[in-house]
*Asks:* 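Before I ask anything, let me first share the structure, which is written out below as structure tokens.
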2 protein chains.
Amino acid sequence: MKPTVHDIAAHAGVSLATVDRVLNGRAGVRAPTRERVEAAISALGFVRDVAAANLAKGRIYRFTFILPANDNSFMIGLRRQVEEAIQWAGRERVSIRIVDVPAFDDAALAAALEQAGEDAIDGIAFVAVDSGAVRDVVERLAERGTILVTLVSDLAGSRRHHFAGIDNIAAGQTAATLMCRFLGARSGKILPIAGSLQVQDHRDRLKGFSDHVARSYPCRALLPVVEGADNPERVAALLREALRHREDIAGIYSFGAGNRGLLTVLEEGRGQEAPVVIVHELTEISRQGLLGGRIDAVLNQDAGHEVRSALRVLKAGADGAALLAAQERIRIDIFLKENLP
Amino acid sequence: MKPTVHDIAAHAGVSLATVDRVLNGRAGVRAPTRERVEAAISALGFVRDVAAANLAKGRIYRFTFILPANDNSFMIGLRRQVEEAIQWAGRERVSIRIVDVPAFDDAALAAALEQAGEDAIDGIAFVAVDSGAVRDVVERLAERGTILVTLVSDLAGSRRHHFAGIDNIAAGQTAATLMCRFLGARSGKILPIAGSLQVQDHRDRLKGFSDHVARSYPCRALLPVVEGADNPERVAALLREALRHREDIAGIYSFGAGNRGLLTVLEEGRGQEAPVVIVHELTEISRQGLLGGRIDAVLNQDAGHEVRSALRVLKAGADGAALLAAQERIRIDIFLKENLP
DNA sequence: CTGAAAGCGCTTACAG
DNA sequence: CTGAAAGCGCTTACAG
């Protein structure tokens, strides 16, 4: 049988309370006593039953997810994943609260972080927007021991404990390789469509893409990037405009949201050979595009994985436990029509 | 506060023991009493604390993983994942045993299943080999309530509860699309290299690949498949032979193990344009091949995901709980040099 | 058919 | 600085 606190107490000749003090590193135990207990722990190979400890403590993990009130499919999906986690969490002594903030609003995010910090909770997951105000709060909360996890969009160089998201530079490079290999010998240029270059993710994707094309496929030219503001109508307008002015668009790399607009325009067709199209995030729209053959590949980050990973990291952080880095790495999924989940 | 069994007992005017009987569906409760308890449960919105229940019961989940004693990197990795899970399992009241069987030996597998079944355990995960004997044992164990999960290789049409693995037909189709798109206008044929066509996985991959090429890229010809027996030396010999006899090999799809042999031959170079190479399973070898540019894409199933998913399914099955199908679907990963984890 | 009491492994006031 | 006792939410013999 696995040893319990009783075995340790007996072996060390002390009471349960003392074993508990040593186990939890609480003060008020004389060094020799502490050593006897520690000796017993390692002699018997004791490992504490965390479930039992949590039961006794009435421990409830309190986490807050700060999510942008953004209406694109990806963010809606992310939110749904958090909501699903809330269901599950109820049975597992973890309580999750969702706090909404306007999208891309750093002041609002800073305020929300501040507020969440007031609530004396164990940890916060949030979609980062980079600014001095946000960095200040993060610094202060980290100092106070709150576990902070960035979700989808990182705040590199800050004291957040972990980033649950993908490497967007690598994602851009991946898109570049796929695009250029799919284009093969075909001539023509590539049109990059961003959501907003104010956001780190999009900047990274563009950088990864442009650099990789320049380095590995130097003959392939890129058109100037356009910003669709994650808005289908705007994306459609920009794309129509671009296609009217240029006959030589052979590829489109859309790395923001608003792909409904993209598909609308693509479906208008124009007699010419269809461009190679690569977009980000698997949504109902991009899935349809893939199945219908208008989209050639979708790069994806799995919102479910991100949320569950963030929760594991938050919990491990709250317990002061280590975590398997390999298990928490979020993959850059490549989906073709054939390997759609 | 969340209601506990005490609240239910008080509300229904019965003792804890009776609440427990109803909660666990045990016999010996008069219908009216049972109904009072059930009313209390739904009135208070009670959900049982599984951790506390397991503590009280001293419940330990007992699972057995039956793994082929196969020395290829993928199987070694799979085994390592199970071993890692064993570490974690100790703290979570689950006990996992690994049982080895010779690879591709259905009689041995049937015997191992039989034996594991004797041990009165909760569930078994196993890499299936298809045969009547295996199907018989599976049928019998399922009948007796043992939870059975196939791992990596399925036993379709049997009474196993779940398959933790990928859709290999879809994997073959995915390889076909990537191969033909990467080849583009380049002429030449594709050489398929199997491990063994005795195994369902490999047959499925070949079928998915061949059918998809025939359907979507009808001008592209396939050479007859060769079987490398998952053995690097044999793969190397077969490939050298093929390259000597044919000058027109433009693509290689290797969907078994033994890719060390493949890389050795590719590195010999031969002045001609290098073929497009797609292989299965991300291992140290295939990673090197990808980074070195000899391999163009790796299709992968994540052994860690498969093992952890199998465990979740086994546990849920043992608890009679439902599971999120979406969360348990194993992805067909596509790795290029750029999105390598 | 139903209940009182002890116990799972750990923690927490409270005394001393 | 240390310990005896009660309790977390649930289950299990044992009595009746």
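Order of the sequence lines fixes the chain letters, A, B, ..., with proteins taken first and strands second; residue numbering starts at 1 for each chain.
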*Asks:* Go through C:dT11, D:dT2, D:dT11 for me and flag the one nearest to the A:K57 side chain.
*Replies:* C:dT11
*Asks:* Got a donor-acceptor contact below 3.5 angstrom from the A:R144 side chain to the A:G117 backbone?
*Replies:* yes
*Asks:* Categorize A:D49 for me: base, sugar-phosphate, or nothing, with a 4.0 angstrom heavy-atom threshold over every strand shown.
*Replies:* sugar-phosphate
*Asks:* Need one value for A:V29: base, sugar-phosphate or nothing, where a base atom within 4.0 Å counts as base even if backbone is also close, heavy atoms only.
*Replies:* sugar-phosphate
*Asks:* Ignoring backbone atoms, test whether A:R59 places a side-chain nitrogen or oxygen under 4.0 Å from the OP1 or OP2 oxygen of C:dC10.
*Replies:* no
*Asks:* Can you tell me if the side-chain N/O atoms of B:S15 get under 4.0 Å from OP1 or OP2 in C:dG3?
*Replies:* yes
*Asks:* Check whether any side-chain nitrogen or oxygen of A:T4 sits under 4.0 Å from OP1 or OP2 of C:dC8, and answer yes or no.
*Replies:* no
*Asks:* Which part of the nucleic acid, if any, lies within contact of A:A17, taking any heavy atom under 4.0 Å across all strands shown: a base, the sugar-phosphate backbone alone, or nothing?
*Replies:* base
*Asks:* Heavy-atom nearest nucleotide on DNA chain C for B:L16 versus A:N24: which residue maps closer to 5'?
*Replies:* B:L16
*Asks:* Using a heavy-atom cut-off of under 4.0 Å over every strand shown, decide if A:R21 touches base, sugar-phosphate, or nothing.
*Replies:* base
*Asks:* Which nucleotide, C:dT2, D:dT2, D:dG9, lies nearest any side-chain atom of B:T18?
*Replies:* C:dT2
*Asks:* For the pair B:R140 (side chain) and B:E114 (backbone), establish whether a donor and an acceptor sit closer than 3.5 Å, ignoring hydrogens and angles.
*Replies:* no
*Asks:* Regarding A:K315 and A:D122, does a basic nitrogen lie under 4.0 Å from an acidic carboxylate oxygen?
*Replies:* no
*Asks:* Base, sugar-phosphate or nothing for B:V14? Non-hydrogen atoms, less than 4.0 Å.
*Replies:* sugar-phosphate
*Asks:* Please pick, from D:dC10, C:dG9, C:dC10, the nucleotide with the shortest atom-to-atom distance to any side-chain atom of B:V5.
*Replies:* D:dC10
*Asks:* Scan every strand shown for a Watson-Crick or G-U wobble partner of D:dT2, both distances under 3.5 Å, and answer none if you come up empty.
*Replies:* C:dA15
*Asks:* So what does A:G28 hit on the nucleic acid, given a heavy-atom distance under 4.0 Å: a base, only sugar-phosphate, or nothing?
*Replies:* base
*Asks:* Before you tell me yes or no, could you show the steps for A:D302 and B:R331 under salt bridge (charged side-chain N to carboxylate O under 4.0 Å, His left out), namely the whole-Å CA-CA distance, both residues' side-chain angles and the distance that decides it to 0.1 Å?
*Replies:* CA-CA 11 Å; A:D302 191 296; B:R331 295 285 174 75; 2.5 Å; yes
*Asks:* Taking only the side-chain heavy atoms of A:R30 (C-beta and beyond), determine which of D:dG9, D:dT2, C:dG9 contains the nearest atom.
*Replies:* D:dT2
*Asks:* Mind checking if B:R26 touches a base, just sugar-phosphate, or nothing, with heavy atoms under 4.0 Å?
*Replies:* sugar-phosphate
*Asks:* Would you call A:K2 and A:D49 a salt bridge, using N to O less than 4.0 angstrom?
*Replies:* no
